[in-house]
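Atoms considered below: every heavy atom in the structure, side chains included; atoms not considered: hydrogens, waters and symmetry mates. Whatever order the structure lists them in is the order used to number ligands and atoms, beginning at 1.
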Amino acid sequence: MNNIKNNSLVHTPLKNEMGLDSPIEAISRIDKKQLSALHRLGIRTFRDLLYFFPVKYAGASTTASISSATTGEHVILYGKISKLKTKKSFRGKIPMAEATFTDTQGSMKLVWFNQAYIARLIQNDSLVKIQGKITERNGARTMQNPLIESVSAIPELNTGSLFSQVNQSGETTDIPRGNFVPIYRESQGITSRWIYHAILKMFKMDFFQNLEDSIPNDILRKYNLPSLQSALIWIHTPEKESHAEIARKRFAFEEIFMIQLDRQREKMKLRDAVSYPITTAEEKVQEFVDRFEFDLTESQLGAINDIFTDIQKNIPMSRLLEGDVGSGKTAVAATATFATVSTKPKGQMNGALQVAYMAPTEILAKQHFESFIQYFRHMPVSIALITGKGCRKFPSKVNPGGWTNISRTQLLKWVANGDIAVVIGTHALIQKSVKFKNLTCVIIDEQHRFGVEQRKKLVKKHEQVPHLLSMTATPIPRTLALTLYGDLDLSILDTMPSGRKPIITDIVTPHNRKSAYEHIQKQINEGRQAYVICPRIDLPDEESNPSAILTVATKAVITEAKRLKKEVFPEFNIGIIHSKMKPDDKEKIMSEFASRKIDILVSTSVIEVGVNVPNATTILIEGAERFGLAQLHQLRGRVIRGNHQAYCFLATDSEGETAIKRLSALKNTRSGFDLAELDLKERGAGSLGNGKQWGITDVGMEALKNLKMVEAARKEAFNIITHDPELKSHPLLEMALRPRKEIHFE
Ligand code: ADP
Ligand code: MG
């Protein structure tokens, strides 16, 4: 789905003519190192470069000096670095680097947390350029985790602009039209300035003069949005701030509009598709849920009703079930499964309609398998588990009441001939070799859009399109849901099962850390278990590739586990789990934790959010201020499952009032979706995490603060698709939506 980004540009060049799809190396002589830097930045074509928007604009003052910058301002400063050294934070927990930075006006301290390697990258007493936010600590100015790079000389700043310097070849370089200097993300070998000049060059090329705008004119006029060309010029070379703003607005609209068009078109296609209607009688479904050991909540009943209504039709269901961790999605999934497998396939006396239930991880797939056995053990329904590691089947002749291991070949055979009705698994489930006889319903747990793409894969192999139930506990705001899931109907579980004790949430500062540890000690002595989550790792842009983050995060987990064992809990068993571990090792640790061989599990924040260990009642989250509220909420969901009182400790070193106040919201708010809205309102789209995980760019994410804009984009897309489902009279849009060949050699 990444291919619907940056798509307003659809000019196709003639042979040998430079155009949007020309490779970036066509713009000027580029050496290998530069080219790979451009690729790292995601710039491969002219189009990519034009859509590589500034991360911000610096006016003259913001590149001046320590004394002229105001607290809270993002600035670029040039100066000398000294007293560079590494150390541990005062509790010996976080490795850090610090240094003194001096410019013509004064000096201040720089600190890098979790980035001790900075000290190795930069030479003491060298000239550097730093970039970051000025903050104040104990009355003195400082910068935390600034981006830093060595420079050979300090540029003249009195002329007011970085760009008014003389360049290497002796000519004066272009001065931006206004006072706003665009600042682009950089990578080793490519500077912000290089990008700026490449874009100016592109503006002068023929193809740029002839760009066609794929957004219809009447839509632009209706919402007062600038044309494509103006918007590109304004975003890269604004004369005033308002120009940049309105240009960004246009691109934000464009991105959301394109996503909406794509989703609406998918939805339209499904309207013509055929699925297998489920004819199981309502009374039978009622009987099934009456057997549960609990009463369904209002919202569970509502969701089951929505689903039941959908699957009786012969057009495929496309429904998203949104509900916090612990809201009881599995029971809803089991009921949908029951309804499906209780309908006989047409013209068949034996066999059943089949359900595929896909989970994101092996651990979760196993848990679903176990709980489905409980839900269906009174019925003659066969259930199988398929993961990369092996296959299981229930019921079993050799193990009455339980499951047995079977070979993959055997499983594939029974799935293909329809003997196995319910197949639960990881993505091993959608491999080519897995063929279903009567696949009628696909249930996907926690896969976001991914799930919808995967359904398409499943669909191709079968004549009928299966019903889709996609489930998520990832709390996202309404605007994001509307955008991502524009093609899905929504059911929401917004009431928690009754009788569940709300989790007690508390904030841990350096002052009361000891009592938090005492609490954990007491809990474990009472037979409970605990999680400790290490902080989210932020590396400077250039370092922030997934593998660098993983490495640093892994180190943090190992170090923290050692420290806890040595200094805090020598009497307890402490285990670690992180994404760099092999699946087998993860599995082993999780089962040791589940069987209480491990008292405290130290992990990164990315591990298996839905894992169910009811005896784990406390979670301590380090560096809590670095997470979005919704993410914190999701993490604390790990301890919400048992009957014991659960506790969540949010540890922060920041004693700033805003951080504490923000974290306090978690004490009183129980809905992850409310917290996501709150984060969006207060901290902007950045707090929702990286838009890339949803296939949305930074600019697109900006639209999410604006419900009106998202609704407008949705409405316009809907209008177009309703009247012109194949976009025959909108060839530019049609072309923009076409998957572009993505060439990635890395
Ligand atoms: P999730 O939405 O996170 O997938 P689960 O389906 O795993 O939640 O349910 C969490 C726990 O709550 C399970 O142990 C389940 O049996 C229980 N549960 C589900 N629905 C109800 C209910 N209506 N009342 C009481 N307990 C429930
Ligand atoms: Mg679940």
Side-chain angles (χ1 to χ4, degrees), residues 285-286 288-307 319-338 355-378 383 385 422 424-426 442-448 450-451 469-476 490-503 531 590 594 607-617 619 630-631 633-646 648 670-673 675:
V285 178
Q286 187 62 49
F288 180 76
V289 302
D290 283 345
R291 294 181 53 95
F292 294 173
E293 55 199 37
F294 45 77
D295 290 332
L296 290 169
T297 61
E298 282 292 302
S299 49
Q300 279 172 316
L301 286 170
I304 288 172
N305 195 37
D306 292 342
I307 293 166
R319 186 163 289 280
L320 176 71
L321 180 62
E322 258 185 17
D324 260 338
V325 175
S327 58
K329 293 184 291 297
T330 317
V332 176
T335 311
T337 302
F338 170 81
V355 176
Y357 187 172
M358 198 158 37
T361 67
E362 210 163 297
I363 299 172
L364 282 170
K366 272 190 191 159
Q367 278 185 3
H368 292 327
F369 179 64
E370 306 275 340
S371 55
F372 264 47
I373 292 175
Q374 297 310 317
Y375 279 113
F376 290 97
R377 61 184 333 142
H378 64 289
I383 305 170
L385 173 74
V422 184
I424 298 170
T426 52
V442 174
I443 302 173
I444 294 172
D445 197 10
E446 270 317 324
Q447 299 229 5
H448 316 292
F450 202 36
L469 177 63
S470 195
M471 306 195 292
T472 180
T474 307
I476 54 174
L490 201 59
S491 297
I492 297 176
L493 298 186
D494 54 6
T495 42
M496 277 291 183
S498 60
R500 203 161 288 164
K501 298 186 193 97
I503 188 162
Y531 295 98
M590 275 323 293
I607 304 270
E608 339 294 11
V609 182
V611 164
N612 192 5
V613 179
N615 193 52
T617 51
I619 187 165
Q631 281 172 299
H633 175 75
Q634 241 193 334
L635 285 169
R636 82 175 158 181
R638 284 197 212 177
V639 292
I640 214 163
R641 295 173 172 249
N643 296 320
H644 304 285
Q645 176 62 54
C648 169
R670 284 180 73 190
S671 153
F673 296 92
L675 288 167

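Note on ring orientation: taking the six-membered ring where Trp is involved, the planes of F292 and F288 are perpendicular (angle over 60°, cut-offs 30° and 60°).
Contact record, S327 with D324: OG-O, 2.6 Å, taken as the closest heavy-atom pair. Across all their heavy atoms, F673 and T474 have their closest contact at CE2-O, 3.8 Å.
Heavy atoms of S327 come nearer than 4.0 angstrom to ligand 1 in at least one pair. Within the structure, ligand 1 has G326 among the residues with a heavy atom less than 4.0 angstrom away. Within the structure, ligand 1 has D324 among the residues with a heavy atom less than 4.0 angstrom away.
When the options E298, E322, M471, K329 are ranked by their closest heavy atom to atom 1 (P) of ligand 1, first place goes to K329. Compare S299, S371, P497 by their heavy atoms: the one nearest to atom 24 (N) of ligand 1 is in P497.
Between S498 and ligand 1, not a single N/O pair is under 3.5 Å apart. Taking distance alone, with nitrogen or oxygen atoms compared against 3.5 Å, G328 approaches ligand 1 more closely than that limit. In terms of polar-atom proximity, defined here as any N/O pair under 3.5 Å, T330 does make such a contact with ligand 1.
Between F376 and I383 the shortest side-chain heavy-atom distance falls below 4.5 Å. Residues Q645 and T617 have side chains not in contact (no heavy-atom distance under 4.5 Å, counting atoms from C-beta outward).
With ligand atoms numbered from 1 in the order given, ligand 1 contributes 22 (C), 23 (N), 24 (N) to contacts under 4.0 Å with heavy atoms of D295. Near V325, the atoms of ligand 1 lying under 4.0 angstrom from a non-hydrogen atom of the residue are 3 (O). Each of the atoms 23 (N) of ligand 1 lies under 4.0 Å from some heavy atom of L296. The distance from ligand 1 to the heavy atoms of T297 drops below 4.0 Å at these ligand atoms: 23 (N).
For E322, the side chain to side chain donor-acceptor pair (under 3.5 Å) criterion is met by no residue, not counting sequence neighbours.
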Per-pair distances, 0.1 Å, donor-acceptor, side chain in residues 491-498, under 3.5 Å, sequence neighbours excluded:
{"from": "S491", "atom 1": "OG", "to": "D306", "atom 2": "OD2", "distance (Å)": "2.7"}
{"from": "S491", "atom 1": "OG", "to": "R319", "atom 2": "NH1", "distance (Å)": "2.9"}
{"from": "T495", "atom 1": "OG1", "to": "S299", "atom 2": "OG", "distance (Å)": "2.6"}

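The number of heavy-atom neighbours closer than 6.0 Å to CD of E298, taken from other residues, nucleotides and ligands shown, is 12 or below.
In Q300, the part holding a heavy atom less than 4.0 Å from any atom of ligand 1 is the side chain.
In this structure, CD in Q300 is found 9.5 Å from OG1 in T330, a value given to the nearest 0.5 Å.
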